[in-house]
Undergrad: 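First, the structure itself, so that you have it in front of you.
Order of listing sets the numbers, starting from 1, for every ligand and every atom in it.
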Amino acid sequence: MIGCVTDFFTYETTKSVVVKSWKLGLINRIVQLLILTYFISWVFLHEKAYQVQDTAIESSVITKVKGSGLYNDTIMDITDLVSPAQGTSVFAIITNLIITENQVQGYCPEVSPATLNPFIVGPSRHIYIQMFKVCVKSSHSASSFCEIRGWCPAEDDNIPTNPIAEVENFTIFIKNSIRFPLFNFTKSNLQPNISTDYIKTCTFDMKDNIYCPIFKVGDVLRFAQQDFSSIAKKGCVIGIKIGWVCDLDKSEELCEPSYSFIRLDEENSVSKGYNFRYARYYKVEPGTEYRTLFKAFAIRFDVLVYGSAGKFNVIPTLINIVAALTSVGLGTVLCDIILLNFLKGSEQYKAKKFEEVKEDELDKQTLRLTSTLDSTVD
Ligand SMILES: Nc1ncnc2c1ncn2[C@@H]1O[C@H](COP(=O)(O)OP(=O)(O)OP(=O)(O)O)[C@@H](O)[C@H]1O
């Protein structure tokens with residue numbers, strides 16, 4: 001107990017011990033050099049730790065698709081094949097359709113008559129009734145067949161279809177404006193000197209036309225490592241990523257977008273690709289309402305904008321310089337470990353480094369020193 005109290009009332013002060021060892025000196029300098037190199041090359045030059053970063057990018061995306069294709073002898077253009085029409089950052093280009101024409105309100109089998117066993121259809125043989133549905137459970141299998149009340153005839157998902165091959169040549173125009181609010185910096189992906197002739201004729205590629213804002217669907221799929229013929233039947237989701245990584249200490253002209261492309265939906269055996277339904281309604285005499293139902297398989301494009309901008313600032317610069325200088329001291333820690341544990345004569349080094357001095361010893365030494373000094377003066 002008394003020992004603990006004594007230990008508590010002690011004071012440690014740093015004592016410098018100069019070790020004349022070229023091995024230890026070399027290790028110390030190498031460690032210091034490595035730490036300094038890391039801070040200068042990685043932290044300052046690569047990570048630009050002297051800059052303040054703005055990652056809260058604000059962005060607007062406008063898109064426009066052009067092209068036309070043939071589906072079942074009908075010429076379809078972008079008004080038929082692009083949804084939504086407003087040119088948003090997420091849009092779909094239809095590549096395949098299941099069209100169910102002349103639907104009218106009535107009773108009919110839930111699936112197409114061709115795939116239905118007629119023996120079990122009909123309200124008179126029902127086993128259970130759901131809302132707007134009368135179903136008969138087959139005694140031979142777990143499946144059941146239903147007659148619906150709704151829009152008839154029902155859609156048949158099994159009819160053979162031919163995807164619209166021309167979609168591969170459709171072009172997508174992307175207009176992207178961004179702003180870094182911290183620096184009040186704005187920029188557009190359309191180059192300031194871009195001409196109408198160039199925009200009408202160019203298509204984006206990774207080499208010569210990296211700033212052309214017109215993208216061919218086939219190229220986008222290729223960049224995303226997809227093949228049009230394998231995705232056209234069921235659709236897919238493609239991400240067009242626009243990256244703005246800007247060093248605003250350099251010229252603003254060097255702040256340019258970089259494009260990358262990726263397939264975003266995962267291939268799945270239960271839900272393949274991307275599809276949606278819509279209908280067009282019309283009336284015929286004497287006022288009966290009909291509709292044409294479309295099940296559309298499409299390539300959905302998601303334009304995703306990300307980025308960050310950096311500019312020199314005194315505060316991060318000072319913080320990182322202090323961190324670098326403090327870290328240089330780590331060399332001493334490593335050398336101390338070697339000195340006190342692995343070098344020959346480490347016990348002597350320990351004794352020199354950690355010296356224990358008692359208060360009364362200190363007083364006696366001071367008295368001795370004073371008397372020596374006095375006698376020398378006399
Ligand atoms: N998907 C696209 N493919 C090729 N060029 C396009 C596409 N979308 C737009 N453009 C061209 O880019 C330029 C700018 O398009 P913007 O929509 O701003 O103008 P516009 O005159 O309304 O275009 P347009 O009437 O041709 O649709 C126009 O020259 C336009 O023809």
Undergrad: Of all the non-hydrogen atoms in the protein, which one sits nearest to atom 13 (C) of ligand 1, and at what distance?
TA: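 Closest protein heavy atom to atom 13 (C) of ligand 1: I199 CG2, 3.8 Å.
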
Undergrad: For E155, is there an ion pair with R277 - N to carboxylate O distance below 4.0 angstrom?
TA: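 Answer for the salt bridge query: yes.
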
Undergrad: Measure the distance from atom 24 (P) of ligand 1 to every protein heavy atom, then report the residue, atom name and distance (to 0.1 Å) of the closest one.
TA: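 Here the closest protein heavy atom is K66 NZ, 3.4 Å.
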
Undergrad: Would you give the length of the straight line joining atom OG1 of T63 to atom CD1 of I174, rounded to the nearest 0.5 angstrom?
TA: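 Separation between the atoms: 7.0 Å.
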
Undergrad: Tell me: protein heavy atom nearest atom 14 (C) of ligand 1, and distance?
TA: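 Looking only at protein heavy atoms, the one closest to atom 14 (C) of ligand 1 is F173 CE2, 4.0 Å.
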
Undergrad: Counting the benzene-type ring for Trp, do Y259 and F204 have ring centres under 6.0 Å apart?
TA: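 Yes, the ring of Y259 comes within the 6.0 Å limit of the ring of F204, centre to centre.
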
Undergrad: Using a 4.0 Å cut-off to any heavy atom of T171, which atoms of ligand 1 qualify?
TA: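 With T171 as reference, the close atoms of ligand 1 come out as 1 (N), 2 (C), 3 (N), 4 (C).
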
Undergrad: Any N/O of T196 closer than 3.5 Å to an N/O of ligand 1?
TA: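 The answer is no, given that T196 and ligand 1 share no N or O pair closer than 3.5 Å.
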
Undergrad: Starting from atom 28 (C) of ligand 1, which protein heavy atom do you reach first, and at what distance in Å?
TA: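 Looking only at protein heavy atoms, the one closest to atom 28 (C) of ligand 1 is K200 NZ, 4.2 Å.
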
Undergrad: Need the ligand 1 atom indices (1-based, order shown) with element for anything under 4.0 Å from a heavy-atom of V65.
TA: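 Contacts of ligand 1 toward V65, numbered from 1: 1 (N).
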
Undergrad: Do S59 and N176 have side-chain atoms, one donor and one acceptor, less than 3.5 Å apart?
TA: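 Checked: S59/N176 side chains pair up, N/O donor to acceptor below 3.5 Å.
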
Undergrad: Look at atom 5 (N) of ligand 1 and say which protein heavy atom is nearest, naming residue and atom and giving the distance to 0.1 Å.
TA: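 Looking at atom 5 (N) of ligand 1, the protein heavy atom closest to it is I214 CD1, 3.5 Å.
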
Undergrad: Using a 4.0 Å heavy-atom cut-off, which part of K175 comes near ligand 1: side chain, backbone, both, or neither?
TA: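 No part of K175 comes within reach of ligand 1.
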
Undergrad: Please determine, by modelled atom types, if N184 and R179 share a side-chain donor-acceptor pair under 3.5 angstrom.
TA: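 There is such a pair (donor and acceptor under 3.5 Å, judged by atom type) between the side chains of N184 and R179.
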
Undergrad: Nearest protein heavy-atom contact for atom 22 (O) of ligand 1: which residue, which atom, what distance?
TA: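 In this structure, atom 22 (O) of ligand 1 has K64 NZ, 3.3 Å as its nearest protein heavy atom.
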
Undergrad: In the complex you have, is atom 8 (N) of ligand 1 within reach of the protein, judged by whether a heavy-atom distance drops under 4.0 Å?
TA: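 Looking at atom 8 (N) of ligand 1, one finds that a protein heavy atom does lie closer than 4.0 Å.
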
Undergrad: Going by an N to O cut-off under 4.0 Å, is there a salt bridge joining D219 and R222?
TA: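 Yes, charged N to carboxylate O under 4.0 Å.
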
Undergrad: Would you call K353-D336 a salt bridge at under 4.0 Å N-O?
TA: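 Yes, K353 and D336 are salt-bridged.
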
